[in-house]
There are 2 protein chains.
Amino acid sequence: MSLLSRSQLAEKVNVNIETLRYYERRGLIPEPQRKDSGYRQYSPDYVVRVHFIQKAKALGFTLNEIQELLSLRVNSQTSCDQVRERAELKLAEMDKKIADLQKMKNALQTLTASCHSDGPTGECPILEALESEGFTL
Amino acid sequence: MSLLSRSQLAEKVNVNIETLRYYERRGLIPEPQRKDSGYRQYSPDYVVRVHFIQKAKALGFTLNEIQELLSLRVNSQTSCDQVRERAELKLAEMDKKIADLQKMKNALQTLTASCHSDGPTGECPILEALESEGFTL
DNA sequence: GGGAACACTGTACCACGGTACAGATTGTTA
DNA sequence: TAACAATCTGTACCGTGGTACAGTGTTCCC
């Protein structure tokens with residue numbers, strides 16, 4: 001079973017100890033069980049959950065959005081159709097992010113490819129490269 | 001030519017007027033030319049540049065990282081190899097982001113696909129879906 | 001040429017996402 | 001059974017990325 005203390009979980013997922021308490025306050029992670037002393041005991045599930053939060057944050061999702069993602073489920077309050085609808089919205093967002101990243105990647109690659117022609121290049125090569133690929137909002 | 005005022009640019013790229021001044025202070029956008037009165041006049045390049053900043057922010061890059069991306073260029077200070085090296089680092093980051101987004105997408109799709117089986121699902125369907133696909137850091 | 005609308009500078013304030021105490025308990029180990 | 005570490009709660013503080021004035025000058029339009 002192996003339950004983790006606060007510092008153990010913090011080390012495992014590489015976040016500050018206090019961040020865990022903050023996430024708990026924010027409702028991003030559920031209140032863990034406690035020992036009689038009041039000490040928190042985290043199940044291994046928490047590792048996955050906090051990892052997910054960190055990942056999603058790095059991808060530009062806010063904590064509120066992450067909370068929404070984590071709570072997407074069918075229950076008596078939320079019908080299947082509602083869940084599907086929200087999920088589709090999130091999926092569309094993710095597709096957009098992927099497409100944008102792909103454009104930036106292309107621009108960077110164009111940049112490095114043209115790099116052998118040394119000497120100063122234009123004002124802002126990455127933007128030029130993006131424009132040459134039809135970068136639009 | 002059509003130079004833009006602060007409010008015109010702000011409207012065009014859909015940011016607050018003050019944000020433009022903030023980006024200028026931060027060095028994310030160069031100081032634009034001024035009229036004799038001191039009023040800023042933005043060339044159309046600024047539209048692309050601010051768009052790029054907004055995009056990159058939504059993808060989880062910090063303003064410092066964005067600044068670095070925007071200043072990637074070959075000049076007397078920076079050799080071709082150095083630029084290439086930094087660009088490769090950024091490319092790797094972007095690949096990682098894309099891969100993570102793809103995993104999340106798959107998990108969401110798994111979630112909606114299994115949705116017809118209505119009634120309450122597990123504690124956190126998206127994490128379960130991710131785990132079933134071997135989600136790791 | 002007078003008033004509304006806009007821009008200028010400087011500075012203060014704000015929300016988000018943490019991070020750091022202080023002071024009290026509990027756990028561990030020599 | 002000390003004493004040192006880890007945890008508890010509450011609260012205060014911090015960096016990032018803006019956003020909002022106040023007070024003054026400029027532009028536009030009737």
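Computed over heavy atoms, backbone and side chain alike; hydrogens, waters and symmetry mates excluded. A, B, ... follow the sequence lines: proteins, then strands. Residue 1 opens every chain.
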Indicate whether OP1 or OP2 belonging to [N] is found under 4.0 Å from a side-chain N or O atom of [X].
{"X": "B:Thr62", "N": "D:dT16", "value": "no"}
{"X": "B:Ser37", "N": "D:dT27", "value": "yes"}
{"X": "A:Thr19", "N": "C:dG17", "value": "no"}

TODO: Using heavy atoms to find the nearest nucleotide of DNA chain C for A:Lys35 and B:Arg34 separately, return the residue whose nucleotide is more 5′.
DONE: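 Closest to the 5' end, via its nearest nucleotide, is B:Arg34.
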TODO: In plain terms, say whether B:Arg40 and B:Glu24 are close enough for a salt bridge, that is, a side-chain N and a carboxylate O under 4.0 Å apart.
DONE: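 Counted as a salt bridge, because a side-chain N and a carboxylate O are separated by less than 4.0 Å.
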Open item on the list: Taking the basic N atoms (NZ, or NE/NH1/NH2) and the acidic carboxylate oxygens, is any pair closer than 4.0 Å for B:Glu93 and B:Lys96?
Closed with: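 A salt bridge is absent here (no side-chain N lies under 4.0 Å from a carboxylate O).
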Can you tell me the distance, in whole Å, between the [atom1] atom of [X] and the [atom2] atom of [N]?
{"X": "A:Leu28", "N": "C:dG17", "atom1": "CG", "atom2": "P", "value": "9 Å"}
{"X": "B:Tyr39", "N": "C:dC6", "atom1": "OH", "atom2": "P", "value": "11 Å"}
{"X": "B:Tyr22", "N": "D:dT16", "atom1": "OH", "atom2": "C1'", "value": "6 Å"}
{"X": "A:Glu65", "N": "C:dG17", "atom1": "CD", "atom2": "P", "value": "9 Å"}
{"X": "B:Ile66", "N": "D:dG17", "atom1": "CD1", "atom2": "P", "value": "8 Å"}
{"X": "A:Asn64", "N": "C:dG18", "atom1": "CG", "atom2": "P", "value": "12 Å"}
{"X": "A:Gln41", "N": "D:dC8", "atom1": "CD", "atom2": "C1'", "value": "14 Å"}
{"X": "A:Arg6", "N": "D:dA6", "atom1": "CZ", "atom2": "P", "value": "13 Å"}

Shortest side-chain distance from [X], nucleotide among [options]:
{"X": "A:Ser7", "options": "D:dG17, D:dA20, D:dA6", "answer": "D:dA6"}
{"X": "B:Arg40", "options": "C:dC8, D:dA20, C:dT26", "answer": "C:dC8"}
{"X": "A:Lys57", "options": "D:dT7, C:dG17, D:dG18", "answer": "C:dG17"}

Open item on the list: Donor-acceptor check, side chain of A:Tyr46 to backbone of A:Leu4, threshold 3.5 angstrom: yes or no?
Closed with: no
Open item on the list: Take a 6.0 Å sphere around CD of A:Glu88 and say whether it holds more than 12 heavy atoms from other residues, nucleotides or ligands.
Closed with: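 Check passes, neighbour count above 12.
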Task: Any N/O donor-acceptor pair, A:Arg26 side-chain to C:dG18 base, under 3.5 Å - done: no
- [ ] Give a yes or no on whether a donor-acceptor pair under 3.5 Å exists between the nucleobase atoms of D:dG10, that is its base, and the side chain of A:Arg21.
- [x] yes
Task: First encountered from the 5' end of DNA chain D, between B:Ile53 and A:Tyr42 - done: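 The residue closer to the strand's 5' end, by nearest nucleotide, is A:Tyr42.
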Open item on the list: Can you see whether B:Phe61 has B:Lys97 sitting over its ring - NZ or CZ less than 6.0 Å from the centre and within 45° of the normal?
Closed with: yes
